[in-house]
Amino acid sequence: MSQHPVTPPRRRRTRATGIRSALVALAALTGAALTGCTPIVNMQPAPEAIDVSCAELSVRLPDEVAEQPQRETDAQGTGAWGDPASVLLRCGVPTPGPTTDPCYSVNDVDWIMDDSDKPNYRFTTFGRTPAVEVFIDSEVVSGTTVITDLSTAVSVIPSDGACTSVDDAVPTD
């Protein structure tokens with residue numbers, strides 16, 4: 001008697017089986033994508049974050065600032081770098097008026113420095129509307145390096161003023 005190979009009965013593929021397979025595949029892909037991911041940085045948008053200039057700035061933000069990798073944020077007009085985040089950017093903050101705080105010009109972008117919360121510093125653009133503020137943990141990154149790395153992106157916001165000092169004032173006799 002010859003032996004015939006026995007073939008197992010074919011499983012009937014139903015719609016539920018197809019959906020289940022798709023869900024299992026999607027779960028596997030999602031799990032693979034999430035493995036090793038850095039959490040999204042929770043931020044609050046600035047009052048004028050919806051300004052077109054902030055959108056133009058956002059698409060020009062560098063992938064790296066002060067050798068810190070860019071992170072995903074959950075608010076419009078924001079950026080973050082480092083793990084944990086050591087550089088935070090918000091576009092659309094109120095434009096600062098005259099101040100006695102130090103003001104530095106880096107690559108044609110003027111920045112007011114607030115060091116009242118050392119070692120954390122806040123740099124705010126001066127003479128640009130909307131303004132951009134950048135918070136920096138100086139124990140991790142250099143403020144000068146950060147504003148240098150960000151100045152090209154920030155320069156898409158048109159300048160309508162510049163830092164001045166008392167020495168620049170015209171004497172009135």
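Bear in mind the structure is a predicted one, so any value in this text is a computation, not a measurement.
Closest approach of Gly161 and Asp110 over heavy atoms only: O-OD2, 4.4 Å. Between Ala75 and Gln44, the shortest heavy-atom contact is CB-C, 4.1 Å. The two residues Gln76 and Ala49 have their closest heavy-atom pair at O-CB, 3.4 Å. Considering every non-hydrogen atom in both Leu61 and Gly79, the closest pair reads CD1-CA, 4.1 Å.
Grouped by direct or indirect side-chain proximity (heavy atoms under 4.5 Å, Ile/Leu/Val/Met/Phe/Trp/Tyr only), Val41 sits with Met43, Leu88, Phe135. Grouped with Ile40 in a hydrophobic cluster is no other residue, since no side-chain heavy-atom contact under 4.5 Å to another Ile, Leu, Val, Met, Phe, Trp or Tyr is found. When hydrophobic residues (I, L, V, M, F, W, Y) are linked wherever their side-chain heavy atoms come within less than 4.5 Å, the members clustered with Ile112 are Phe126.
We find the CG-CG distance between Asp137 and Asp117 to be 10.0 Å, quoted to the nearest 0.5 Å. Atom-to-atom distance recorded for Met113:CE and Tyr104:OH is 4.0 Å, nearest 0.5 angstrom. The CD atom of Glu72 sits 9.5 Å away from the CD atom of Gln70 when rounded to the nearest 0.5 Å. Note that CZ of Phe123 is 13.0 Å distant from CG of Leu89, once rounded to the nearest 0.5 Å. Within the model, atoms CG of Asn107 and CG of Leu150 stand 11.0 Å from one another, a figure rounded to the nearest 0.5 Å.
Residue pairs meeting the disulfide (SG to SG under 2.5 Å) criterion with at least one partner in residues 78-120, sequence neighbours excluded, are Cys54-Cys91, Cys103-Cys163. The disulfide (SG to SG under 2.5 Å) pairs that include a residue from residues 111-143 number zero, where partners must be two or more places apart or lie in different chains. Screening residues 141-157 for side-chain hydrogen bond (donor to acceptor under 3.5 Å, both in side chains) gives Trp111-Ser151, Ser142-Thr145 as the qualifying pairs, with residues at least two apart or on separate chains. For the side-chain hydrogen bond (donor to acceptor under 3.5 Å, both in side chains) condition, the pairs that include at least one residue of residues 45-58, sequence neighbours left out, are Asp51-Ser53.
Taking the side chain as every heavy atom from C-beta outward, Val132 and Leu57 approach each other to under 4.5 Å. Thr129 has its side chain out of reach of Ile157: every pair of non-hydrogen atoms, C-beta onward, lies at least 4.5 Å apart.
Considering only residues two or more places apart in sequence or on other chains, Asp83 meets the salt bridge (Lys or Arg N to Asp or Glu O under 4.0 Å) condition with Arg71. Applying the side chain to side chain donor-acceptor pair (under 3.5 Å) criterion to Thr78, with sequence neighbours excluded, gives Thr73. With sequence neighbours left out, the salt bridge (Lys or Arg N to Asp or Glu O under 4.0 Å) criterion links Asp114 to Arg122. Under the salt bridge (Lys or Arg N to Asp or Glu O under 4.0 Å) criterion, Asp101 pairs with no residue at all, not counting sequence neighbours. Checked against side chain to side chain contact (heavy atoms under 4.5 Å, CB included), Ser159 has the following partners two or more places apart in sequence or in another chain: Arg128.
Each of Val65, Val141, Asn120 was scored for a side chain to side chain contact (heavy atoms under 4.5 Å, CB included) with Ser86, with one residue passing: Val141.
The number of heavy atoms from other shown groups lying within 6.0 Å of CD (Glu67) does not exceed 12.
Here the side chain of Ser138 pairs a donor or acceptor atom with the backbone of Pro119 at under 3.5 angstrom.
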For a side-chain contact (heavy atoms from CB on, under 4.5 Å) check, start with the C-alpha distance between Thr125 and Val93, then their side-chain angles and the critical distance, and finish with the verdict. CA-CA 10 Å; Thr125 56; Val93 299; over 6 Å; no

